[in-house]
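What follows is a short report on a single structure.
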Amino acid sequence: MGSMGEVGDDEIQPRSYWRWSKQDFLPGESFKNWASYHSALSQTCFRFKDRLTTRSEDANEIGEMRKQSENDMKRCLTWWDLTWFGFGSVIGAGIFVLTGQEAHDHAGPAIVLSYVASGVSALLSVFCYTEFAVETPVAGGSFACLRIELGDFAAFITAGNILLESIVGSAAVARAWTSYSTNLLNLPKNSLIFHTNLTEGYNLLDPIAVAVLAIAATLAMISTRKTSVFNWIASAINTVVILFLIIAGFANADPSNLTPFLPYGVKGIFQAAAIVYFAYGGFDNIATMAEETKNPSRDIPLRLLGSMSIITVIYCLMVLSLSIMQDYRDIDTQAAYSVAFRSWG
């Protein structure tokens, strides 16, 4: 793409994504000069009240906001793509890392009930996100819908939560690559992490996690369609591994490991459920793909509900296979599955 230029009276050539002018980073009228900025600061209270009470409209979110983005998103995703995006977004490090920790510390063999409780809770959230996608089929997802229903301030808080979830989730998934790489190479824990001279607690550098995040971000920026193809491949490999874990786990089953089933009581089930809910995170990403989906009103609700239902069943089978294969007291809290299979030779 080239720089912006006049093509006709009303048509404007789209500009490149890669640009670095002040207008691109600070496009608002308030940042034109120091006088404008000082004037905007003096109106802070009024502007905050306006944001607190103002509601957007459907036509504005679907029409005007899309025009301001300059570059339209291509509707290239089908129900097949969304199904695999559901698997790719949700199934990740959470199930492999959190299961061992919570089974060992809080739930015991009843960890399977913790995943059932979290799965039901996640499905209830899915119903909300399907409504967002149907009512406001744009890239903003829940943010755009809340601007209409509750106003800018509630939408701003929601957007902050979504970004925080994505950052924490991505960091956890990337960090899990290091944990499992260490275990796979039979190295001491944290041996692949560099220690720096920074303050204690902030002095660890994880190069594998950084590389994973950089590669994933680059793939996501290249193309939605190419990212979808890569997601198919990665999710298919992940599915094969999961099926192997389930089958091998039940093949090495020892029913006596399920006794006692509730070593920490009912309280332990829900303590673990609050933590393992993290393993279901990511399904909301599908709702933000409405603007890139060919038929969002039909495909997004069906794929969200379908993929989350299947994932809940898969999670329950995975944790049950782990619990029946190894006593909960012996489950490793960092790399539960690899250590469990190693114990069986």
Side-chain angles (χ1 to χ4, degrees), residues 83-129 161-162 164-180 183 209 212 216 231 234-235 237-246 249 264 268-287 303-326 328 331-340:
T83 300
W84 285 107
F85 265 123
F87 279 91
S89 297
V90 177
I91 298 179
I95 182 66
F96 295 105
V97 176
L98 296 178
T99 301
Q101 171 187 310
E102 295 307 307
H104 184 277
D105 296 340
H106 292 129
I111 186 68
V112 64
L113 298 182
S114 300
Y115 272 94
V116 171
S118 294
V120 172
S121 179
L123 281 171
L124 294 176
S125 297
V126 164
F127 284 117
C128 297
Y129 280 96
N161 286 332
I162 292 174
L164 179 61
E165 175 198 353
S166 297
I167 292 170
V168 173
S170 299
V173 171
R175 179 66 182 85
W177 278 71
T178 304
S179 297
Y180 271 84
N183 193 269
V212 168
N231 182 68
S235 297
I237 295 172
N238 202 18
T239 302
V240 171
V241 172
I242 287 171
L243 290 175
F244 169 77
L245 292 175
I246 293 172
Y264 300 99
I269 294 175
F270 289 100
Q271 277 185 313
I275 302 299
V276 300
Y277 183 86
F278 176 79
Y280 289 96
F283 59 84
D284 51 310
N285 292 331
I286 301 178
R303 294 313 110 193
L304 266 173
L305 292 171
S307 60
M308 283 301 296
S309 299
I310 295 171
I311 288 168
T312 300
V313 173
I314 290 174
Y315 276 2
C316 291
L317 290 174
M318 283 186 69
V319 298
L320 185 59
S321 69
L322 177 66
S323 298
I324 204 171
M325 181 172 56
Q326 190 174 36
Y328 76 92
I331 293 177
D332 188 84
T333 58
Q334 297 295 320
Y337 287 91
S338 58
V339 172

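Any value given below was found using the heavy atoms of this structure, including those in side chains, with hydrogens, waters and symmetry copies removed. Predicted model only: the values in this text are computed from it and were never measured.
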Donor-acceptor pairs under 3.5 angstrom involving side-chain atoms of residues 314-323: please list them, not counting sequence neighbours.
unit_1: Y315; atom_1: OH; unit_2: V90; atom_2: O; d: 3.2
unit_1: Y315; atom_1: OH; unit_2: A279; atom_2: O; d: 2.8
unit_1: S321; atom_1: OG; unit_2: L317; atom_2: O; d: 3.4
unit_1: S321; atom_1: OG; unit_2: M318; atom_2: O; d: 2.6
unit_1: S323; atom_1: OG; unit_2: V319; atom_2: O; d: 3.0

Rounded to the nearest 0.5 Å, how far apart are [atom1] of [X] and [atom2] of [Y]?
X	Y	atom1	atom2	result
S170	I167	OG	CD1	8.0 Å
L98	Y277	CG	OH	13.5 Å
Y264	I269	OH	CD1	13.0 Å

Residues two or more places apart in sequence or in another chain: which of them pass side chain to side chain contact (heavy atoms under 4.5 Å, CB included) with [X]?
X	answer
N161	I157
T239	W84, L243
V212	A174, W177, I208

Which pairs, with at least one residue in residues 113-123 and sequence neighbours excluded, count as a side-chain hydrogen bond (donor to acceptor under 3.5 Å, both in side chains)?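 Found T99-Y115.
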
Which pair of heavy atoms, one from A209 and one from T178, lies closest together, and at what distance?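 Closest approach of A209 to T178: N-OG1, 3.9 Å.
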
May I ask you to test the N238-F87 pair for a side-chain heavy-atom distance under 4.5 Å?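 Side chain of N238 against side chain of F87, heavy atoms only: no contact under 4.5 Å found.
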
Residues 102-110 side chain polar contacts: donor-acceptor under 3.5 Å, at least two apart:
unit_1: E102; atom_1: OE1; unit_2: H106; atom_2: ND1; d: 2.6
unit_1: H104; atom_1: NE2; unit_2: R329; atom_2: O; d: 3.3

Pairs where residues 118-128 contributes a residue and the test salt bridge (charged side-chain N to carboxylate O under 4.0 Å, His left out) is met, not counting sequence neighbours: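 Pairs touching residues 118-128 that pass the test: none.
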
Evaluate whether atom CZ of F270 has more than 12 neighbouring non-hydrogen atoms of other residues, nucleotides or ligands under 6.0 angstrom away.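 No.
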
